[in-house]
Amino acid sequence: MGTRPVADVTASGSLEEAFNKFESQGFTADIVVACAGVERLGTVIDEPEENWDFVMGVNAQGVYLSARSAYARFVKRRQGSFVVISSDAGIVGTSGFGVYTASKHAVIGLVKCLALDFGHLGIRANAVCPGNVRTPMMDEYLRASPAEAEYWFSVVPMGRFADPDEIAGAVDFVSSPAASFMNGSVFVVDGAGSAGLFSAD
Ligand SMILES: NC(=O)c1ccc[n+]([C@@H]2O[C@H](COP(=O)([O-])OP(=O)(O)OC[C@H]3O[C@@H](n4cnc5c(N)ncnc54)[C@H](O)[C@@H]3O)[C@@H](O)[C@H]2O)c1
């Protein structure tokens with residue numbers, strides 16, 4: 001896990017508390033990015049059943065509950081931008097990533113419905129789908145498994161993972177006025193990793 005969360009996205013009370021605290025400091029939540037996520041690996045046979053509730057709880061229900069808190073506020077002000085960090089796993093499957101993939105596909109469906117339900121109020125929802133990103137957690141994994149690292153680099157046509165700033169730039173853009181007609185979109189930032197079958201030869 002990265003930084004210590006200020007709210008538990010699986011608990012609506014905890015989210016409401018965080019939003020209320022933020023507002024009590026004089027801020028308004030105009031842009032809400034649902035980024036919290038967890039990952040567990042395995043096939044439907046070898047993965048423990050609890051992984052479903054854990055991963056879906058954070059990655060799907062957490063986004064749903066975050067949307068509930070965010071939209072309650074957006075609707076009052078007739079404005080707002082909701083950005084969900086899905087994944088390339090939200091648009092393609094990867095063997096051994098079933099539950100994670102299901103959770104990341106689920107939130108893309110939710111984003112589309114949010115856009116349909118609230119677009120007439122000028123409130124936007126979009127999904128950003130990163131490919132592999134060089135977070136500290138990922139660096140640790142790559143150092144521990146150099147062979148795996150080589151494989152994952154080899155399937156990205158750009159030959160590298162994203163820098164976190166390259167994902168932040170996409171989030172900035174979709175939530176900005178420059179993207180004011182972008183609603184219900186799926187914005188893929190994966191170095192063409194999901195564009196199709198790739199061979200470096
Ligand atoms: N790193 C990648 O390669 C990659 C690729 C595609 C998508 N993503 C997605 O990007 C997002 C960020 O991932 P990351 O790579 O920075 O991983 P990370 O583990 O560094 O960050 C995940 C964050 O989620 C928080 N979190 C977990 N459970 C929570 C909960 N119940 N309530 C509140 N916060 C909680 C953790 O504290 C952590 O700060 C995730 O949704 C992940 O699925 C990451």
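One-based numbering, in listed order, for ligands and for the atoms of each.
Note: an N/O pair closer than 3.5 Å links Val133 and ligand 1 by distance alone. Considering backbone and side-chain atoms alike, Pro130 places every N or O at 3.5 Å or more from each N or O of ligand 1. Between Thr10 and ligand 1, no N or O atom pair is found at a separation short of 3.5 Å. Distances between N or O atoms of Ser87 and those of ligand 1 include no value under 3.5 Å. Considering backbone and side-chain atoms alike, Asp88 places every N or O at 3.5 Å or more from each N or O of ligand 1. Between Val9 and ligand 1, a contact under 3.5 Å exists for at least one N or O pair.
In summary, the atoms of ligand 1 found under 4.0 Å from a heavy atom of Ile85, numbered by their order in the structure, are 9 (C), 10 (O), 11 (C), 41 (O). For ligand 1, the atoms lying closer than 4.0 Å to a non-hydrogen atom of Val58 are 28 (N), 31 (N). Of all the atoms in ligand 1, the ones that sit under 4.0 Å from a non-hydrogen atom of Asp8 are 30 (C), 31 (N), 32 (N). Atoms of ligand 1 lying under 4.0 Å from at least one heavy atom of Met138, given by number and element, are 3 (O). Applying the 4.0 Å criterion to heavy atoms of Gly37 picks out, from ligand 1, the atoms 22 (C), 24 (O), 40 (C), 41 (O). Interface of Asn132 with ligand 1, defined as ligand atoms under 4.0 Å from a residue heavy atom, comprises 3 (O). Less than 4.0 angstrom separates some heavy atom of Cys35 from each of these atoms of ligand 1: 11 (C), 12 (C), 40 (C), 41 (O). If you number the atoms of ligand 1 from 1 as listed, the ones under 4.0 Å from a heavy atom of Ser86 come out as 7 (C), 9 (C).
Contacts between Cys129 and ligand 1 below 4.0 angstrom, taking non-hydrogen atoms only, are absent altogether. Of all the heavy atoms of Lys104, the ones lying under 4.0 Å from any atom of ligand 1 belong exclusively to the side chain. In Ala162, neither the side chain nor the backbone holds a heavy atom less than 4.0 Å from any atom of ligand 1. In Phe161, neither the side chain nor the backbone holds a heavy atom less than 4.0 Å from any atom of ligand 1.
Looking at every heavy atom in both residues, Ser194 comes nearest to Ile91 through OG-CD1, 3.5 Å. Across every non-hydrogen atom of Val63 and Ala34, the tightest pair is CG2-CB, 4.1 Å. Residues Val186 and Lys112 come closest through the heavy atom pair CG2-CE, 4.3 Å.
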Exercise. What's the verdict on side-chain contact (heavy atoms from CB on, under 4.5 Å) for Val58 and Val9, showing C-alpha distance, side-chain angles and the deciding distance?
Worked result: CA-CA 6 Å; Val58 176; Val9 297; 4.1 Å; yes
Exercise. Can Asn59 and Val107 be said to form a side-chain contact (heavy atoms from CB on, under 4.5 Å), step by step?
Worked result: CA-CA 8 Å; Asn59 296 7; Val107 292; 5.8 Å; no
Exercise. Step by step, would you call Phe173 with Phe187 a ring pair (Phe, Tyr, Trp, His ring centres under 6.0 Å)?
Worked result: CA-CA 10 Å; Phe173 172 69; Phe187 204 68; 5.8 Å; yes
For this session: Decide yes or no on side-chain contact (heavy atoms from CB on, under 4.5 Å) for Thr28 and Arg73, but give the supporting numbers first.
Result: CA-CA 9 Å; Thr28 54; Arg73 289 156 174 89; over 6 Å; no
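Of the candidates Trp152, Phe54, Tyr100, it is Tyr100 that places a heavy atom closest to atom 8 (N) of ligand 1. Ranked by closest heavy atom to atom 15 (O) of ligand 1, the top entry among Val84, Val107, Thr135 is Thr135.
Looking at Asp30, its side chain never comes within 3.5 Å of a backbone N or O of Gly80 through a donor-acceptor pair. Judged by distance alone, with hydrogens and angles left aside, the side-chain atoms of Arg124 form a donor-acceptor pair with the main-chain N or O of Val174 at under 3.5 Å.
Between Leu121 and Arg78, some side-chain heavy-atom pair lies under the 4.5 Å cut-off.
In this structure, Phe97 and Trp152 have perpendicular ring planes: the angle between them is above 60°, well past the 30° mark. Note: Phe27 and Phe22 have parallel aromatic rings, judged against thresholds of 30 and 60 degrees for the angle between ring planes.
Distances from ligand 1 to the non-hydrogen atoms of Gly62 include no value under 4.0 Å. Under the 4.0 angstrom criterion for non-hydrogen atoms, Ala89 is not in contact with ligand 1.
Take Gln61 and apply the side chain to side chain donor-acceptor pair (under 3.5 Å) test, not counting sequence neighbours, and it matches no residue.
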